[in-house]
Protein chains: 2
Amino acid sequence: MSATHTDVPVDGPAEQDCSIRDVLDRVGDKWSALIVLRLSDGPRRFSELHREVDGISQRMLTLTLRALERDGLLSRTVYPTVPPRVDYELTDLGRTLLTPIAALREWAVAHRDDIRRARARHDHPTSDPHASPAPAS
Amino acid sequence: MSATHTDVPVDGPAEQDCSIRDVLDRVGDKWSALIVLRLSDGPRRFSELHREVDGISQRMLTLTLRALERDGLLSRTVYPTVPPRVDYELTDLGRTLLTPIAALREWAVAHRDDIRRARARHDHPTSDPHASPAPAS
DNA sequence: CGGTATCCGTAGGGATACTG
DNA sequence: CAGTATCCCTACGGATACCG
């Protein structure tokens with residue numbers, strides 16, 4: 001990633017691009033944002049996340065949680081009981097991330113239909129805008 | 001807060017997850033957000049974007065622009081001059097996306113150091129929290 | 001200038017099996 | 001329950017060459 005990464009002195013568009021590049025590499029993956037959102041209303045156990053984050057594999061759940069923990073976005077608490085229990089919870093830093101991610105989600109909810117329409121329009125450019133566009137995906 | 005209680009009729013978490021899943025698949029890729037940000041202060045030519053979006057290949061610039069156009073986030077205007085000139089500009093829909101992306105960028109700028117520190121702490125767990133954390137490896 | 005077409009390596013990520 | 005370990009496949013994306 002940051003191969004040519006010398007110390008940029010101050011701000012400027014390059015600096016900001018670089019920052020958002022980092023963030024996208026971090027939470028722009030397939031699962032991080034979803035997990036962070038799941039954790040927004042309190043801690044979760046591994047198996048709870050596995051059930052609630054739809055479609056995620058055990059492997060990716062582990063990997064993503066580890067990465068988020070590494071970046072200080074969530075904390076991992078192991079209870080040495082049997083059977084074992086592990087709780088994941090957003091840190092203060094992780095909670096600050098909640099704001100922009102929630103903004104993204106709200107945008108998604110608000111404009112998903114716009115995008116679907118635009119896509120349909122682009123994909124089969126029938127001259128009839130009233131033709132049923134969404135075959136119930 | 002019990003899991004045995006699914007009284008949410010329509011806009012449950014699954015619905016929202018599904019939406020943000022879509023958005024992440026769309027703008028969570030390596031270049032889309034960067035391009036949208038570049039276009040925030042007005043239209044750009046292909047070659048301008050190629051220069052301004054650091055590190056992007058011609059191929060990925062084309063592909064990403066096409067995808068964004070397909071989703072109605074930007075418009076493509078061809079001037080039949082010679083040499084040819086093509087302008088890309090955010091649509092109204094694209095401009096609405098600017099808000100959450102900018103929020104993400106601001107978060108990135110504000111917390112990049114926090115993440116770097118957390119990462120360093122995690123990666124080499126020296127017992128000395130005052131040791132210089134980023135040895136510019 | 002603004003693209004396509006092609007080739008190709010790598011990383012992301014799913015499925016499955018095993019473990020403490 | 002909460003993971004590892006392994007295999008394997010594909011989509012992303014870089015490099016390069018060519019075209020209108």
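Per chain, numbering begins at 1; letters A, B, ... match sequence-line order. The analysis underlying the following values was restricted to heavy atoms, covering all of them including side chains, and did not include hydrogens, waters or symmetry mates.
Summarising the geometry, the separation between CG on A:L24 and C1' on D:dC12 is reported as 15 Å, rounded to the nearest angstrom. As a whole-Å value, the separation of A:L49 CG from D:dG3 P is 10 Å. The CZ-P distance, from A:F46 to D:dA2, rounds to 8 Å in whole Å. In this structure, the CG atom of A:L63 is 13 Å from the C1' atom of D:dT6, given to the nearest Å. Across the protein-nucleic acid pair, B:K30 atom NZ and D:dC12 atom P stand 13 Å apart, rounded to whole Å. Distance, B:R59 CZ to D:dG14 C1': 8 Å, rounded to whole Å. When the P atom of D:dG14 is taken as reference, atom CG of B:D29 falls 11 Å away, rounded to whole Å. Between the NE2 atom of A:H50 and the P atom of C:dA15 there is a distance of 10 Å, given to the nearest Å.
More than 12 non-hydrogen atoms from other residues, nucleotides or ligands lie less than 6.0 angstrom from CG of B:D113.
Distance from the side chain of B:Y88 is smallest for C:dG3 among the nucleotides C:dG14, C:dG2, C:dG3.
The one candidate from B:D22, B:L97, B:D71 that meets the side chain to side chain contact (heavy atoms under 4.5 Å, CB included) condition with A:I115 is B:D71.
Mapping A:G55 and A:Q58 onto DNA chain C via the closest heavy atom, the residue that lands nearer the 5' end is A:G55. Nearer the 5' end of DNA chain D, as judged by each residue's closest nucleotide, is the contact made by A:P84, out of A:P84 and A:R66.
Taking the ring axis of A:W107 as reference, the NZ or CZ atom of A:R112 does not stay both within 45° of it and closer than 6.0 Å to the ring centre.
B:Y79 comes within 4.0 angstrom of no nucleic acid atom, judged by non-hydrogen atoms across all strands. Using a 4.0 Å heavy-atom criterion, one finds that B:R45 contacts the sugar-phosphate atoms exclusively.
For the pair B:S57 and D:dG13, the criterion of a side-chain N or O lying under 4.0 Å from OP1 or OP2 is not met.
Side-chain contact between A:L65 and A:L49 is present, with heavy atoms from C-beta onward closer than 4.5 Å. Counting only heavy atoms from C-beta outward, the side chains of A:L34 and B:R21 approach each other to under 4.5 Å.
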